[in-house]
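As the structure is a computational prediction, the values presented were derived from the model and not from experiment.
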Protein chains: 2
Amino acid sequence: MGLVRSLHHPAAETLELTGVLHALADPVRLEIVRELAAGGGCERRCNAFSLPVTKSTRTHHFRVLRESGVIEQRAEGTAVVNRLRRDELDARFPGLLDSVLGAG
Amino acid sequence: MGLVRSLHHPAAETLELTGVLHALADPVRLEIVRELAAGGGCERRCNAFSLPVTKSTRTHHFRVLRESGVIEQRAEGTAVVNRLRRDELDARFPGLLDSVLGAG
DNA sequence: CCGAAAGTACGACGATCATCGTACCAAACT
DNA sequence: AGTTTGGTACGATGATCGTCGTACTTTCGG
């Protein structure tokens, strides 16, 4: 078994609104998305986030974000780099990500 | 005890993003919001929604929407009329509601 | 080769959630 | 007064969720 079991990413057209909303409705995951967006489309390793949870929980949250289609994950050595799927998200739910990120 | 115990509505400035997102991240509640928005700001009684759940569950969902600040509820006789808090929502989270409603 | 680094897998725990049924209540109508 | 109407209150139940610890795996650097 590899570093990640399946690492499945949903296609852009099949993203579900409730799934995305649920993924964003958690403080830890919202922080991940914010930090990812602050980087301006650049990638970031799971380790490079300041989150008040343990490694296991971290893995859990990244998986929820990936399976809902918010982020893309790619293995790189022992690390996993994350990328915000901004374009796909914007295409499917125009304005949603911007409004969420813009909210104080 | 009146028709509704407290009927508390959060102030527009205290609305929490995660709370609103969580409220919208449910199919039944999303349908309520959609039907409410389709009316163009008009009010609607709890009874006047086509939802695949019982009365108790309906009450529960309307409460979640109210306590998160998405809707306003007002007693009118035996009925409760609901109104989408569009202006307050737009002021606090610009574009959020529109993007959610615009999503297919 | 050995150990450190970065995650994942798995199982567990308590908390929250969506749903329901039954009982209840208040207002309106007869 | 009785009945209907529209909704709430109060559990209860099963599912999902967020969190963690421990064990494991894989890759990379000495």
Side-chain angles (χ1 to χ4, degrees), chain A residues 1-9 16-33 35-36 43-83, chain B residues 1-9 16-36 43-68 70-83:
Chain A
M1 214 64 74
L3 186 57
V4 170
R5 184 146 54 182
S6 63
L7 211 55
H8 176 250
H9 293 84
E16 285 184 24
L17 178 59
T18 53
V20 172
L21 291 175
H22 171 255
L24 298 175
D26 177 273
V28 174
R29 291 193 290 263
L30 196 51
E31 175 61 24
I32 292 175
V33 171
E35 293 193 25
L36 228 31
E43 301 179 328
R44 205 147 171 184
R45 295 161 51 164
C46 288
N47 205 18
F49 292 81
S50 58
L51 306 171
V53 291
T54 65
K55 267 201 302 182
S56 327
T57 307
R58 205 176 282 243
T59 295
H60 162 69
H61 285 304
F62 278 106
R63 178 169 42 217
V64 172
L65 287 172
R66 171 172 48 81
E67 292 181 343
S68 68
V70 176
I71 68 170
E72 182 197 85
Q73 292 193 294
R74 174 173 50 83
E76 193 173 288
T78 62
V80 169
V81 291
N82 304 277
R83 183 185 66 87
Chain B
M1 212 69 74
L3 186 58
V4 171
R5 185 146 53 182
S6 63
L7 212 54
H8 176 250
H9 293 84
E16 285 184 24
L17 178 59
T18 53
V20 172
L21 291 176
H22 170 254
L24 298 175
D26 177 274
V28 174
R29 291 193 290 263
L30 195 52
E31 175 62 24
I32 292 175
V33 172
R34 277 198 216 279
E35 293 193 25
L36 227 33
E43 300 179 328
R44 204 147 174 186
R45 294 159 53 165
C46 288
N47 206 18
F49 292 81
S50 58
L51 305 171
V53 291
T54 66
K55 269 200 303 183
S56 326
T57 307
R58 205 177 283 243
T59 295
H60 162 67
H61 285 305
F62 277 106
R63 179 169 42 220
V64 172
L65 286 172
R66 170 172 48 83
E67 292 182 344
S68 68
V70 175
I71 68 170
E72 182 197 87
Q73 292 192 293
R74 174 173 50 82
E76 191 173 287
T78 61
V80 169
V81 291
N82 304 278
R83 184 185 67 85

With the criterion being N/O to N/O and under 3.5 Å, what pairs connect the protein with nucleotides 18-22 of chain D, and how long is each?
| residue | atom | partner | partner atom | Å |
| --- | --- | --- | --- | --- |
| D:dG18 | OP1 | A:Arg29 | NH2 | 2.9 |
| D:dG18 | OP2 | A:Arg29 | NH1 | 3.3 |
| D:dG18 | OP2 | A:His60 | NE2 | 3.3 |
| D:dT19 | OP2 | A:His61 | NE2 | 2.4 |
| D:dC20 | OP2 | A:Thr54 | N | 3.0 |
| D:dC20 | OP2 | A:Thr57 | OG1 | 3.2 |
| D:dG21 | N7 | A:Ser56 | OG | 3.2 |
| D:dG21 | O6 | A:Ser56 | OG | 2.9 |

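Atom CG in A:Leu7 sits about 11 Å away from atom C1' in C:dT8, given to the nearest Å. Between the CZ atom of B:Arg44 and the P atom of D:dG6 there is a distance of 15 Å, given to the nearest Å. Between B:Ile32 atom CD1 and D:dG7 atom P the separation is 12 Å, expressed in whole Å. Regarding B:Arg63, its CZ atom lies at a distance of 8 Å from the P atom of D:dT8, rounded to whole Å. Computed from coordinates, the B:Arg66 CZ to D:dT8 C1' distance equals 11 Å when rounded to whole Å. The nearest whole Å value for the distance from the NZ atom in B:Lys55 to the P atom in D:dC10 is 16 Å. Straight-line distance from the CD1 atom of A:Ile71 to the P atom of C:dG7: 12 Å, rounded to whole Å. A straight line from CG of B:Asn47 to P of C:dA26 spans 20 Å, rounded to a whole angstrom.
For A:Glu31, there are no salt bridge (charged side-chain N to carboxylate O under 4.0 Å, His left out) partners two or more places apart in sequence or in a different chain. With sequence neighbours left out, B:Arg58 forms a side-chain hydrogen bond (donor to acceptor under 3.5 Å, both in side chains) with no residue at all. Residues that satisfy the salt bridge (charged side-chain N to carboxylate O under 4.0 Å, His left out) test with B:Arg45, not counting sequence neighbours, are absent from this structure. Listed by chain and number, the residues in a side-chain hydrogen bond (donor to acceptor under 3.5 Å, both in side chains) with A:Glu72 are A:Arg83 (sequence neighbours excluded).
The side-chain hydrogen bond (donor to acceptor under 3.5 Å, both in side chains) pairs that include a residue from residues 17-26 of chain B number zero, where partners must be two or more places apart or lie in different chains.
Rounding to the nearest 0.5 Å places SG of A:Cys46 at 7.0 Å from CD1 of A:Ile71.
Backbone-only engagement by B:Arg45 is indicated by non-hydrogen atom pairs under 4.0 Å involving sugar-phosphate atoms exclusively.
OP1 or OP2 of C:dT8 sits under 4.0 Å from a side-chain N or O of A:Thr59.
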